Amino acid sequence: MTELAGKRIVLGVTGGIAAYKAAELVRLLGKAGAEVHVVMTENGARFVTPLTFQALSGHPVWLDPWDDRRANNMSHIDLSRSADALLIVPASANTLAKLANGIADDLLSTLCLARDCPLLVAPAMNRQMWHNPATQRNVAQLRADGIEILGPDSGSQACGEVGEGRMMEPEAIREALIGFFQPKLLAGKTVVMTAGPTYEPIDPVRGITNISSGKMGYALARACAQAGARVQLVSGPVALEVPHGVECISVHTAQEMYQAVMQRVGAAQVFIGVAAVADFRPRQSAENKIKKTAGQAPVIELDLNPDILAEVASLPAAPFCVGFAAESQDLDSYAEQKRSRKRLPLVVGNLVQDGMGGDENTVILYDDAGRHPLPRAPKSIVSQGIVAHLATLLAQDEAKH
Ligand code: PMT
């Protein structure tokens, strides 16, 4: 199962150098399970050929309002009728102006006017064009008309200038689109989370850590953000992109993670501990690299690290706490023990051999009502299941207090 399975997207490509990124987006949307149909403006087709989009989407590309490939000659109606969303990437200043004023002088703008599905646009233009009062007026009008504006980002631009107007990256647009279809189960909530491993230094080049990749925590952070939450992700060292819309606080050691969590959790309604926190740290971290002495292994003394989840759960005004339990055997009994010892309303249990490092996971949710297994799936899909369950329990909890 994939995040956009069963979704039919009409992708409009207008004239701008960022049109080349739309080609990558078609690939990403297809990988996420969407069926993509591309409509180009004449100017869009000057930057990238329709053939490129046809090859990537596997469907004919539409340009001409008089195209007679549809028997009824109504491609402007037919294409949008069966679409779950219309997405314009890149959206030029000219296209935004036409949409804001209801102008329909080519297939794409006519399609937008005739649509009965949501419209999302990712503007891309020179920073001065973006800041021009006319463009800003048009964008405000589009927002008022219920059109979703994705970005733009700030950064270096094709014209050599630096500023706002750069198109959001295809990966971020894909995430935003997936989020668009998600129910906003956590709207108005702040979620503080931990993810990844921690790293406890022995000396400047060695340390104690574990093989957590951070994939489960990052997928869950993304799912919470897509469900409408404000997400603050306290992350150990991982090699992952921060999910779109998530605030990431990078740390190394368990003590740094503990401090970063405690500084933020007071304002949160939910805390989720996904990190594989090192339970112990070397009592001392050597200033210089420990030298090898022939025939003699160094003895490293360890101290206990704080149990972040237990500390948060025992706060006087504790947020709704979700713990993870990674076990190599007897998952049910160990997960339940962790749940009752730390007095957690929800524990997500997984076997280390199932969930650590890989892209998929098999989890069981443990709460007061018992155990709720979720089917094995990519971590992104598993995360949606966890968010749905968490949102139901949170609503019940809030109703009680
Ligand atoms: O990162 P991935 O490669 O995607 O792998 C995902 C995962 C297997 C790491 C993840 O799904 C998971 O199970 N995370 C919890 C791992 C763990 O350390 O579990 P634990 O049983 O040791 O800890 C129980 C709970 O207490 C966890 O929520 C943990 O974050 C928290 N904890 C533990 C120790 C500590 N000092 N502080 C904590 O907050």
Side-chain angles (χ1 to χ4, degrees), residues 191-218 220-221 231-240 247-266 268 270-290 297-331 334-352 355-357 366:
V191 177
V192 172
M193 302 181 49
T194 64
T198 60
Y199 180 86
E200 314 295 331
I202 294 171
D203 70 12
V205 294
R206 305 181 181 95
I208 299 173
T209 187
N210 60 67
I211 60 165
S212 164
S213 63
K215 287 178 186 172
M216 188 67 237
Y218 276 55
L220 190 51
V231 182
Q232 296 183 304
L233 175 66
V234 182
S235 172
V238 297
L240 297 173
E247 183 192 337
C248 183
I249 303 100
S250 295
V251 296
H252 282 88
T253 66
Q255 283 176 305
E256 287 168 3
M257 188 173 268
Y258 170 75
Q259 274 156 18
V261 166
M262 286 306 180
Q263 277 164 18
R264 291 166 177 83
V265 82
V270 179
F271 173 73
I272 312 177
V274 196
V277 186
D279 290 313
F280 315 105
R281 64 173 182 277
R283 179 159 297 166
Q284 268 163 358
S285 167
E287 204 177 315
N288 296 306
K289 186 180 169 197
I290 299 171
V299 175
I300 299 168
E301 284 188 290
L302 300 174
D303 278 338
L304 268 178
N305 267 329
D307 187 322
I308 303 167
L309 178 60
E311 296 276 348
V312 173
S314 61
L315 287 172
F320 186 92
C321 285
V322 182
F324 269 64
E327 306 295 341
S328 54
Q329 56 180 341
D330 295 334
L331 182 58
Y334 285 129
E336 276 299 357
Q337 274 171 34
K338 273 179 191 160
R339 201 172 84 80
S340 59
R341 196 173 59 237
K342 297 187 188 179
R343 284 192 277 142
L344 305 171
L346 178 62
V347 161
V348 181
N350 52 185
L351 289 169
V352 174
M356 215 146 178
Y366 300 88

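No hydrogens, no waters, no symmetry mates; every other heavy atom, side chains included, goes into these values. All of these numbers come straight from a predicted model, not from anything done at the bench.
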Which pairs of donor and acceptor atoms, one on a side chain in residues 254-262, lie under 3.5 Å apart (sequence neighbours left out)?
from: Gln255; atom 1: OE1; to: Arg281; atom 2: NE; distance (Å): 3.4
from: Glu256; atom 1: OE1; to: His252; atom 2: N; distance (Å): 2.7
from: Glu256; atom 1: OE1; to: Thr253; atom 2: N; distance (Å): 3.3

- Query: Listed by chain and number, what are the side-chain hydrogen bond (donor to acceptor under 3.5 Å, both in side chains) partners of Ser235, not counting sequence neighbours?
  - Reply: Tyr218

- Query: Is there a side-chain contact between Leu309 and Phe324, using heavy atoms and a 4.5 Å cut-off?
  - Reply: no

Mind listing the side-chain donor-acceptor pairs of residues 341-348 below 3.5 Å, one per line with the distance, residues two or more places apart or on another chain?
from: Lys342; atom 1: NZ; to: Asp307; atom 2: OD1; distance (Å): 3.3
from: Lys342; atom 1: NZ; to: Asp307; atom 2: OD2; distance (Å): 2.9

- Item | salt bridge (Lys or Arg N to Asp or Glu O under 4.0 Å) pairs, two or more places apart, involving residues 311-325 | none

- Query: Is the closest side-chain heavy-atom distance between Ile208 and Leu302 below 4.5 Å?
  - Reply: yes

- Message: According to side-chain hydrogen bond (donor to acceptor under 3.5 Å, both in side chains), who are the partners of Gln263, at least two apart in sequence or on a separate chain?
- Response: none

- Under the side chain to side chain contact (heavy atoms under 4.5 Å, CB included) rule, collect the residues that match up with Asn288, sequence neighbours excluded. none

- Quick one: list whatever passes salt bridge (charged side-chain N to carboxylate O under 4.0 Å, His left out) with Arg206, sequence neighbours left out. Asp203

- Set of salt bridge (charged side-chain N to carboxylate O under 4.0 Å, His left out) partners for Glu327, sequence neighbours left out: Lys338

- Query: Which residues satisfy the side chain to side chain contact (heavy atoms under 4.5 Å, CB included) test with Thr209, sequence neighbours excluded?
  - Reply: Pro197, Tyr199

- For Glu301, which residues count as a salt bridge (charged side-chain N to carboxylate O under 4.0 Å, His left out) partner, sequence neighbours excluded? Arg283

- Task: Return the set of residues passing side-chain hydrogen bond (donor to acceptor under 3.5 Å, both in side chains) with Thr198 (not counting sequence neighbours), or none when no residue passes.
- Result: Glu200

